[in-house]
There are 2 protein chains.
Amino acid sequence: MTNDTNVTQFTQKRDCSLCNLSEICLPEGLTPDEMGTLDSIIKRRKPKQKGEFIFRDGDTFTSLYAVRSGSVKTFATGNDGSTMVTGFHLSGEILGLEGINCKQHVGNAKALETTSICEIPFNQLSALGQDIPKLQQQVFRVLSNEIGQEQQVMLLLGKKSSEERIASFLLRLASRYHTRGFAAKEFNLSMSRSDIANYLGLAVETVSRIFTRLTKQGIVNINRKLVMINDESALRDIANEPQPDTDKKRTNS
Amino acid sequence: MTNDTNVTQFTQKRDCSLCNLSEICLPEGLTPDEMGTLDSIIKRRKPKQKGEFIFRDGDTFTSLYAVRSGSVKTFATGNDGSTMVTGFHLSGEILGLEGINCKQHVGNAKALETTSICEIPFNQLSALGQDIPKLQQQVFRVLSNEIGQEQQVMLLLGKKSSEERIASFLLRLASRYHTRGFAAKEFNLSMSRSDIANYLGLAVETVSRIFTRLTKQGIVNINRKLVMINDESALRDIANEPQPDTDKKRTNS
DNA sequence: AATGTTGATTGATCTATATCAAATATTTAT
DNA sequence: ATAAATATTTGATATAGATCAATCAACATT
């Protein structure tokens, strides 16, 4: 269970009153008034330290969580004790959607670094959705988006080679580091190699090997936690993903 | 695009006025009145023949689809022309949730056999959700459930051996054939071996081999399309899934 | 600074599963 | 019914990536 009940006890980052929610949930525009109402139900929490849990498997589901800064991993614990990373969540992303269905969280969420989190009580959000159709639509959209994201990962796990997986992973991460505008050319891996390996269904050694290989080829530059993407186009080729220019060409060779 | 605009042109199965929706969406109970309103927005369609599309990648998203009888596969078409099965949908299940987010379907859905489908215009459903909180909650729940399901598949694809995948697949299928009550001991595989292989991230040959192996071991009996599960417990062992009695034992060896 | 601990890299094998190839079986078309 | 096309099974071989093992680098503790 989350053990901090002290809300708004710190003052930093107050500026962003919507906890980055505006970036995820509200692009289609609510009135300032509606924004205010939404804002009023969102709780700021004391930042989580590296390794701290946001929620645990089996916790009663009450809220969604929005990552303001930092990053989070979600993972399931198999019946045989094994742990399996199901996702990484960066600044501006939403957490805990799996819990809506069964009223308790299925899976754990843990901070990968010092991480600022907002809590959005789901009952209140849902009630608010009754009054503000736009908001309800946005919540639907966030859920649907998650489904789409996961299908992408299924594809990745089901049919892609280890190299393709790593390339996809890096590209996706880069694009998520700059949601708006362009993908980051340089960013930090907040998660360990073994987290990455686990998430991608690979062995740590394989991840490491491919990181060094791609670095030697000059396509990226991965040093410890720092990733720099030198040749995005080449990386996309490896990932078998279309070039952003080649956009919607479908019926080609 | 779906090309049949003739609604309610046939009379069979009229009895089930909610298109099985009651099983998925409404266990928590709406008033008969609310049920009626919901019913009024649902459109019955002419049954789809084997191979017919329910929707295609890129189609504008207008509706969710509920499978009344028969079965459907959903699949994505990669930029390289490859096709990847993302799911199977049996009677009583809902289709098209991925479309909510981007207003167009991402992926295709095709009938695996003669299949009866209901169409639920999403705008109307969403509007109805504004008035009926219970309904809105249920839609949230369906979406969240889909997320949970997909995480299960991610686990399967990421960490399980071919034998574990097949065993899991069969168990899940069996349990879905009898949503209420017990899992079916016997059922029909409406999808081809290669669909199964594709879905599970395996080669057709591997699927075939494991089917025959499991049959020789007497655990199941798979003949052509007919599956009979003789030893569910053994199958669960192979799948590394907890026995239904061993229910929620977590802190054991 | 020295020492221990944990995480990352690199190399050497081994194996599960893909791939290739061919034989049956089943469905569809003529 | 017969033939052609397609799907499934079975066997032989190849290989991507896991596993095992050792070293190396980073960080924490005394």
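Since this is a predicted model, take the numbers as computed values, not measurements. Below, chains carry the letters A, B, ... as their sequence lines are ordered, and counting in each starts from 1.
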*asked:* Please find the pair of heavy atoms, one from B:Ile166 and one from B:Phe211, that lie closest to each other, and give the distance.
replied: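 Minimum heavy-atom contact is CG2-CE1, 3.4 Å.
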*asked:* Any N or O donor-acceptor pair under 3.5 Å from the base of C:dT17 to the side chain of B:Arg213?
replied: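 Check fails, no donor-acceptor contact within cut-off.
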*Do A:Arg165 and D:dG17 have a side chain to base donor-acceptor pair shorter than 3.5 Å?*
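Result: no qualifying N/O pair found.
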*asked:* Heavy atoms only, 4.0 Å cut-off, all strands: where does A:Ser208 land among base, sugar-phosphate and nothing?
replied: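 A:Ser208: base contact, heavy atoms under 4.0 Å.
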*When all nucleic acid strands are considered with a 4.0 Å heavy-atom cut-off, which category describes B:Ser192: base, sugar-phosphate, or nothing?*
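Sugar-phosphate contact only - B:Ser192 comes under 4.0 Å of backbone atoms but never of a base.
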*Look at the side chain of A:Ser91 and the backbone N and O of A:Gly70, then say whether any donor-acceptor pair between them is shorter than 3.5 Å.*
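Flag not set: sc A:Ser91 to bb A:Gly70 has no pair under 3.5 Å.
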Nucleotide of [options] approaching [X] most closely (side-chain heavy atoms):
{"X": "A:Thr212", "options": "D:dA18, C:dT9, D:dT10", "answer": "C:dT9"}
{"X": "B:Arg224", "options": "D:dG17, C:dT17, C:dT27", "answer": "C:dT27"}
{"X": "A:Ser161", "options": "D:dG17, D:dT19, C:dT9", "answer": "D:dG17"}
{"X": "B:Thr206", "options": "D:dC20, C:dA21, C:dT17", "answer": "C:dT17"}

_Worked verdict on A:Lys160 versus A:Ser168 for side chain to side chain donor-acceptor pair (under 3.5 Å)_ = CA-CA 9 Å; A:Lys160 293 197 172 188; A:Ser168 284; 3.1 Å; yes
*For the pair B:Phe53 and B:Phe75, name the ring-plane relationship: parallel under 30°, tilted 30 to 60°, perpendicular over 60°.*
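Geometry flag for B:Phe75 against B:Phe53: tilted rings.
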